[in-house]
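To keep things clear, I will list the structure first and then write my remarks on it.
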Amino acid sequence: VGEPLLPKYKLQNFVKPKFFPQLACYAMKFCTITPLDMERAIQFPKMIGKLSKLYEANKTFFVTWGSSDYMVLSEGCYKHKISNPILNEDCLDLAEAYRLWKGEENTPGLQSALEDLEIEKVKVDKDLEILTNKLASLADYLILKRIEFIKNIKKYVNDIFKTLYSDFS
């Protein structure tokens, strides 16, 4: 606790689209993925095999911004008839954590959250190293805030019990 989260392993591969090729063009354009990237892309089952070797249940976070990444992972596993190696409870949805922490009604975009936290701007592009580091910084920050929040709740509950106890004494 209090130690920054450091990536233990890095897995970065593009996956060849199989079930929704019409979305592939949109995703390639949005994420600036090149045709060369797609030539080097691996099949989904191979990516799951790599992921399975790195993942340790209840010891590894699958960090995302939003719930879509885990849903895509689960749907891909289902469609390929392979089991999803990642437990849902090991997912750390930073967008949802941030939304709850800030008391927002809607989930903010990543860039908006980074600006709000005064974390250096990043662009959504192929420089995943920068984005990964920014997400790790945000994860550290939110986990520390969660710890502070839990400590404050415990203190608050203890104060209520002390007050109640003194009222009955």
Side-chain angles (χ1 to χ4, degrees), residues 3-102 104-117 119-143 146:
E3 295 288 322
L5 295 176
L6 297 172
K8 192 172 180 180
Y9 303 104
K10 178 180 175 182
L11 177 63
Q12 181 179 337
N13 287 106
F14 291 105
V15 176
K16 293 183 188 225
K18 181 176 179 178
F19 296 107
F20 301 103
Q22 68 277 18
L23 294 178
C25 291
Y26 169 77
M28 286 177 67
K29 194 176 208 178
F30 177 76
C31 298
T32 64
I33 299 169
T34 67
L36 181 60
D37 293 328
M38 280 291 95
E39 284 178 33
R40 296 177 180 155
I42 62 175
Q43 296 295 329
F44 185 85
K46 184 173 183 177
M47 186 272 303
I48 292 298
K50 288 181 166 191
L51 193 59
S52 295
K53 289 178 184 173
L54 300 177
Y55 175 72
E56 294 178 62
N58 303 308
K59 292 182 180 181
T60 307
F61 284 121
F62 182 74
V63 181
T64 66
W65 187 266
S67 60
S68 296
D69 293 329
Y70 187 74
M71 288 189 308
V72 167
L73 180 69
S74 295
E75 182 70 13
C77 288
Y78 174 78
K79 288 186 177 282
H80 283 88
K81 296 179 175 37
I82 54 179
S83 63
N84 184 347
I86 307 293
L87 299 174
N88 189 37
E89 54 266 25
D90 285 340
C91 289
L92 180 58
D93 179 351
L94 296 182
E96 182 64 8
Y98 184 83
R99 183 190 72 76
L100 292 169
W101 174 61
K102 295 296 276 185
E104 300 283 338
E105 187 172 325
N106 298 314
T107 303
L110 175 59
Q111 191 63 49
S112 171
L114 293 173
E115 288 171 8
D116 182 53
L117 294 170
I119 295 174
E120 182 182 322
K121 276 189 167 188
V122 295
K123 293 179 182 175
V124 179
D125 60 14
K126 287 193 320 185
D127 193 353
L128 295 175
E129 192 70 38
I130 292 172
L131 189 56
T132 300
N133 291 336
K134 298 304 173 189
L135 285 173
S137 296
L138 185 55
D140 286 344
Y141 186 79
L142 291 173
I143 288 170
R146 180 175 178 256

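In what follows, every heavy atom counts, from backbone to side chain, and hydrogens, waters and symmetry copies are set aside. Keep in mind that this is a model prediction, so the values were computed, not measured.
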Problem set entry | Spatial distance of atom OG1 (T34) from atom CZ (F14) [nearest 0.5 Å] | 7.0 Å
Problem set entry | Test item: S83 side-chain N/O and P85 main-chain N/O as donor-acceptor pair under 3.5 Å | no
For this session: For the pair Y78 (side chain) and N84 (backbone), establish whether a donor and an acceptor sit closer than 3.5 Å, ignoring hydrogens and angles.
Result: no
Problem set entry | Approximate separation, where rounding is to 0.5 Å, of T60 OG1 and L87 CG | 9.5 Å
Problem set entry | Residue pair Y70 / I86: nearest heavy atoms and the distance that separates them | OH-O, 2.9 Å
For this session: Write down the atom of W65, the atom of P108, and the distance for their closest heavy-atom approach.
Result: NE1-O, 3.2 Å
Extract all donor-acceptor atom pairs below 3.5 Å that involve side chains of residues 39-48 and protein atoms in other chains or at least two apart in sequence.
none

Seminar exercise, completed: Tightest non-hydrogen contact, residues E56 and D90, listed as O-OD2, 4.3 Å
Problem set entry | Backbone N/O of N106 and side chain of R99: donor-acceptor pair under 3.5 Å | no
Exercise. Can a donor-acceptor pair be found between the side chains of D93 and S67 at a distance below 3.5 Å?
Worked result: no
Exercise. Would a 4.5 Å heavy-atom cut-off, applied to side chains only, mark H80 and K18 as touching?
Worked result: yes
Problem set entry | Flag side-chain contact, heavy atom, 4.5 Å: L73 against F62 | yes
